[in-house]
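Inspection log for the structure reproduced underneath, given as structure tokens.
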There are 2 protein chains.
Amino acid sequence: MATGRTHRPATRSRGIPEATVARLPLYLRALTALSERSVPTVSSEELAAAAGVNSAKLRKDFSYLGSYGTRGVGYDVEYLVYQISRELGLTQDWPVVIVGIGNLGAALANYGGFASRGFRVAALIDADPSMTGRPVAGIPVQHTDDLESIIEENGVSIGVIATPAGAAQQVCDRLVAAGVTSILNFAPTVLSVPDGVDVRKVDLSIELQILAFHEQRKAGEEPTGESAADTAPPAAPPAATVRRRTDGTEPGPDGDVPAVMPA
Amino acid sequence: MATGRTHRPATRSRGIPEATVARLPLYLRALTALSERSVPTVSSEELAAAAGVNSAKLRKDFSYLGSYGTRGVGYDVEYLVYQISRELGLTQDWPVVIVGIGNLGAALANYGGFASRGFRVAALIDADPSMTGRPVAGIPVQHTDDLESIIEENGVSIGVIATPAGAAQQVCDRLVAAGVTSILNFAPTVLSVPDGVDVRKVDLSIELQILAFHEQRKAGEEPTGESAADTAPPAAPPAATVRRRTDGTEPGPDGDVPAVMPA
DNA sequence: GGATGTGAACATTTTCACAGCT
DNA sequence: AGCTGTGAAAATGTTCACATCC
């Protein structure tokens, strides 16, 4: 998902597959829960169930980290928690800044999962002067003017952007110039960053649209005709002649209707 | 990715690859922006740049939808907007409920991208009686007790869970029982749902942990020794003898240190 | 000339199934 | 007997490169 470029493509450094990396936090969460219940060991089957994946995948994932299990027994919970934490870089403390303290930014600042697990909110930054000094989640908001010095003084390398879309790229540029090399973007924009900077995005409306796609399929295919009212089908063909696909398949439940959508 | 089960595994129904579906909203957003600027056509190259992907991928993606471009010219913006909207099911209106109107839920309710693009916040639901009736983003919060009737009366099939982790599974069960078949989960829990129900999750701390992983790599590999203070290395071996991996590779920057992590 | 659409090569990810160790 | 660890197969996703059409 990172935008910058597929994370240093040629880095052969004993690579853990990206798909595996993305699941490690899931395993870690499940393991932490077990640890809190003082469960000493888990089988791949149990842990996989707790993490919502299948056991073959989990075992394969763990095999990239090393042989941390015991055949016939399972995995030592505490030991695995540590190994995964270390692999993810959570044995060190990551100072994080949140830029854009609106509704969402405030929610993120208040989010508990932040403080735990290796991350620390080093600063909250907002462009609105009337916010400056006001504490959110116990942390006083600072003004955007001081962004660079805040980054440098706190040694921040991870930034969270929760600004409106219009401000995101500009904030991103300043973060990167100040030394941030990892960005979590909540603004609905594509950020462009130089090589070496990782961007991950979290986007509500994208997720909803993906759900809608599948939802639509369900309604169309299943006997349960739970359909909502369709928007008025439009008109106006494409620039040239409407072309058909080469195989015989149909494009969708309501055919190739040329159209103009209301923006 | 959806948890429930790989979206109806055997559904051969002229499948659009999941990876493509996940990118359609990106294209749609870029196209909408072009449309607003009254740009009539785009090349795959331009559109790909705007969406943050490469043009080969974009063309391949579009080829699954049909032949909507014109060789030598490009794509008609309005036409493509409609085709993708239709494919995603956005030509109909999806009523959505948000459950859990805390900081995050309120932020989601206020989020503009919600109202546009085919989604409508049909109701806000919270378990706290003192919230009931209070308007958030202009919509009065309703009590959890009425969840089932709200779902049914509004024909809701998409639910957003923004409750604390502890309440998420219970809320999920009730949503599903009431007829919701797509869930967007912001709570840091694995939800278990029956077959046919899609779940997508958005998880701040998972994203941060993935960033931390790459960040750690950067610090370790590059000359720039920008390292944060490491947590005290722990002790205590796994249940059995520490095993070595079969190939000669090393597991991590600081070796196979057996460990107990502070929970 | 210029850009799409797509087979074919390549890469990554998932799943299978079982050998190997406890 | 039980469960991990992993090669090999299968599935999915990405990129290349070019024939095809406007």
Side-chain angles (χ1 to χ4, degrees), chain A residues 1-2 5-7 9-12 15-24 27 41-49 52-76 79-80 83 238-247 249 251, chain B residues 1-2 5-7 9-12 15-24 27 41-49 51-77 79-80 83 238-247 249 251:
Chain A
M1 297 297 154
R5 182 58 25 237
T6 318
H7 314 284
T11 300
R12 189 81 54 258
I16 296 178
E18 190 59 30
T20 295
V21 171
R23 280 187 296 266
L24 291 181
Y27 302 143
T41 59
V42 255
S43 67
S44 63
E45 202 69 57
E46 294 165 327
L47 183 53
V53 303
N54 72 48
S55 63
K57 196 183 286 184
L58 177 142
R59 287 201 303 278
K60 188 57 125 182
D61 284 341
F62 284 0
S63 79
Y64 295 116
L65 308 184
S67 285
Y68 293 153
T70 309
R71 290 169 203 238
V73 177
Y75 301 92
D76 182 277
Y79 185 62
L80 245 196
Q83 290 299 347
T241 327
V242 176
R243 307 216 41 272
R244 305 311 320 231
R245 51 189 56 69
T246 44
D247 60 0
T249 57
Chain B
M1 315 311 146
R5 181 56 28 233
T6 317
H7 313 284
T11 300
R12 189 85 50 258
I16 295 177
E18 190 59 31
T20 294
V21 171
R23 280 186 296 266
L24 291 181
Y27 302 142
T41 58
V42 256
S43 66
S44 62
E45 203 70 58
E46 295 164 326
L47 184 53
V53 303
N54 73 48
S55 62
K57 195 183 285 183
L58 177 142
R59 288 201 302 279
K60 187 58 120 183
D61 284 342
F62 285 179
S63 80
Y64 295 116
L65 308 184
S67 285
Y68 293 152
T70 308
R71 290 167 204 238
V73 178
Y75 301 93
D76 181 276
V77 171
Y79 185 63
L80 245 196
Q83 291 299 348
T241 326
V242 177
R243 306 215 42 272
R244 303 312 318 231
R245 52 189 56 69
T246 44
D247 59 0
T249 58

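Letters go in sequence order (proteins before strands), and every chain restarts at 1.
- Computed from coordinates, the K60(B) NZ to dT14(D) P distance equals 11 Å when rounded to whole Å.
- Residue D76(B) contributes atom CG, which lies 16 Å from atom P of dC22(D) at whole-angstrom precision.
- When atom types are taken as modelled, the side chain of S43(B) and the backbone of E46(B) share a donor-acceptor pair closer than 3.5 angstrom.
- Residue Y75(B) has a polar side-chain atom (N or O) positioned under 4.0 Å from OP1 or OP2 of dG5(C).
- In this structure, the CD atom of E45(A) is 9 Å from the P atom of dC3(D), given to the nearest Å.
- Each of Y79(A), F62(A), Y27(A) was evaluated against Y68(A); a single residue qualifies, Y79(A), per the ring pair (Phe, Tyr, Trp, His ring centres under 6.0 Å) test.
- Using a 4.5 Å heavy-atom threshold, the side chains of D61(A) and I16(A) count as separate.
- Nucleotide dC3(D) holds its P atom 16 Å from the CG atom of L80(A), rounded to whole Å.
- Between N54(B) and G72(A), the one whose closest nucleotide on DNA chain D sits nearer the 5' end is G72(A).
- If you check every strand for non-hydrogen atoms under 4.0 Å, F62(B) touches nothing.
- Of the side-chain N and O atoms in R59(A), none sit less than 4.0 angstrom from OP1 or OP2 of dC18(C).
- Rounded to an integer number of Å, the gap from CZ of R23(A) to P of dT13(C) is 8 Å.
- Distance CD1 (I16(A)) to C1' (dT6(D)): 16 Å, rounded to an integer number of Å.
- The shortest side-chain heavy-atom distance between L47(A) and L80(A) falls under the 4.5 Å cut-off.
- The side chain of S43(A) contributes no N or O atom lying less than 4.0 Å from OP1 or OP2 of dC3(D).
- Counting only heavy atoms from C-beta on, R71(A) has its side chain closest to dG20(C) among dG20(C), dT13(C), dC16(C).
- Nearest heavy atoms, S44(B) versus L58(B): CB-CD2, 3.6 Å.
- Rounded to an integer number of Å, the gap from Y79(B) OH to dT4(C) C1' is 15 Å.
- Put simply, CG on L58(A) is 14 Å from P on dT6(D), counting in whole angstrom units.
- A residue-by-residue look at P17(A) and A56(B) shows that A56(B) has its nearest nucleotide of DNA chain C further toward the 5' end.
- Comparing atom distances between the T70(A) side chain and each of dT6(D), dT6(C), dT22(C) picks out dT22(C) as nearest.
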